[in-house]
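Read the numbers this way: they start at 1 and go in the same order the structure lists the ligands and their atoms.
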Amino acid sequence: MNIEELIRPELAAMGGYTPIEPIEILEQRAGGRIIKLDGNENPYGCSPKVYQALANYSYYHIYPDPEQKKLRQALKEYAGLSHEHIVCGSGSDELIDLILRLFLKPGDKTINCSPTFGMYPFSTEVCGGKVVDVPRSENFAADMAGIKKALSQETKVIFIASPNNPTGNTITEQEILELLDTGKIVVVDEAYFEFSNITMAGLVPAYPNLIVLRTFSKWAGLAGLRIGYGIFPIKIASYLMKIKQPYNVNVAAQVAILASLADVDYLRGNVAKIVAERERLFGKLKELDWLKPYPSSGNFILCSVPSGEAKKIWQQLQKKGIFVRYFNSPRLKDCLRISVGKPEDTDALIEALKEVKHGRKKSNSNS
Ligand SMILES: Cc1ncc(COP(=O)(O)O)c(C=O)c1O
């Protein structure tokens, strides 16, 4: 029996995503603590109130509330829109998938502005859709004319991450308004909103085709618990509530969201530290004349290595227990993306970069 004959051919042919190793394995390999700057995670972790709330919660044996009532009420304050606009997911990854399940029929298309977050093409393909890529310009701005030219009857959804991962730049409200005018569903992925303070959420009530996605993975340090939410036009939110798995957000995640929202000032303090460190890291990277860092409004910085040594640098850093993300796609040739860590992580990274570039142990010079 050939199982492949039963599998959807487009899925059998699909490449899938590149997995990353769990932190325990990386630490085991490195023989101690590592500096993990490859996942845009929050180096300060979550609020201490999350640990307390999880320890004190006593209904782990009961299914979660399928209507997410408490969560949507609590998020209403934070997101600034009524609960009917909000739907939570198991990470914003799940919401990307749910949106595509709602809008795509086989052969329908989505617009992907590469280089960008890999889950848009991934979920499009899993949902039976086709990805139309409209590459970003030299400075990574979305190609507005190119997007409009690429639209067709089959185009359903345009994805724009702002700040964009991995390039760090944002899109303007004017550009989003132009995209909304096309009548297609426009998903503005604001996973890094708290680091940029730029949002399109206020436009949602006025536009039936605008979706804003957010997450607790970055600013609130809860990537491992998988919690995202979207701010949707009420009609779309009600369809998503209808088609989502009833228990898509587990009780631990629900408890953690409520505890985080009760400690927003603390979490914003960590965001401020990360933003300050991003600027310090940018300055230090810029001082290395063999690296070209791009300005970022997220919690990461993309750098190109014009000498073509990005892979070597990435591998050498790993040997020193420092993990960054390496890209080598045509548009991101010889690039590294470095997540912003604590000040001591920046210091260790810069020291290691100088050592690996010049193949010596200690260095006080940048050249
Ligand atoms: C632009 C963007 N959107 C969404 C996500 C995923 O967020 P979540 O952890 O909520 O699934 C990421 C994670 O890196 C991201 O970079």
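Side-chain contact of E277 with T346: a donor-acceptor pair under 3.5 Å is present, judged by distance alone.
For atom 7 (O) of ligand 1, the closest non-hydrogen atom of the protein is S92 OG, 3.1 Å. The nearest protein atom to atom 5 (C) of ligand 1, hydrogens excluded, is given as F117 CZ, 3.3 Å; this is a heavy-atom distance. From the protein, the heavy atom lying nearest to atom 2 (C) of ligand 1 is D189 OD2, 3.4 Å.
Set against the non-hydrogen atoms of D93, the atoms of ligand 1 under 4.0 Å away are 6 (C), 11 (O). Below 4.0 Å from some heavy atom of R226 lie the following atoms of ligand 1, by number and element: 8 (P), 9 (O), 11 (O). Residue S217 has at least one heavy-atom neighbour below 4.0 Å for each of these atoms of ligand 1: 8 (P), 9 (O), 10 (O).
Taking the ring centroids of F159 and F117, they lie at or beyond the 6.0 Å cut-off.
Residue contacts with ligand 1: Y192 is placed with a nitrogen or oxygen under 3.5 Å of a nitrogen or oxygen of the ligand (distance criterion only). Looking at ligand 1, you won't find any N or O of N40 less than 3.5 Å from one of its N or O atoms.
The cationic atom of K218 (NZ for Lys, CZ for Arg) does not lie both less than 6.0 Å from the six-membered ring centre of F195 and within 45° of the ring axis. Both tests pass for R214 against the ring of F193: distance under 6.0 Å to the centre and angle within 45° of the axis.
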Identify all side-chain donor-acceptor contacts of residues 88-96 below 3.5 Å with residues at least two apart in sequence or on another chain.
from	atom 1	to	atom 2	distance (Å)
D93	OD2	R226	NH2	3.3
E94	OE1	S90	N	2.7
E94	OE1	N248	ND2	3.1

Below 3.5 Å, can you tabulate the donor-acceptor pairs from side chains in residues 54-64 to any protein atom, sequence neighbours excluded?
from	atom 1	to	atom 2	distance (Å)
N56	ND2	Q52	O	3.3
Y60	OH	L54	O	2.7

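Residue-level proximity to ligand 1 for K218 is carried by the side chain, the only part with a heavy atom below 4.0 angstrom.
Ring geometry for F122 versus Y17: interplanar angle over 60°, hence perpendicular rather than tilted (30 to 60°).
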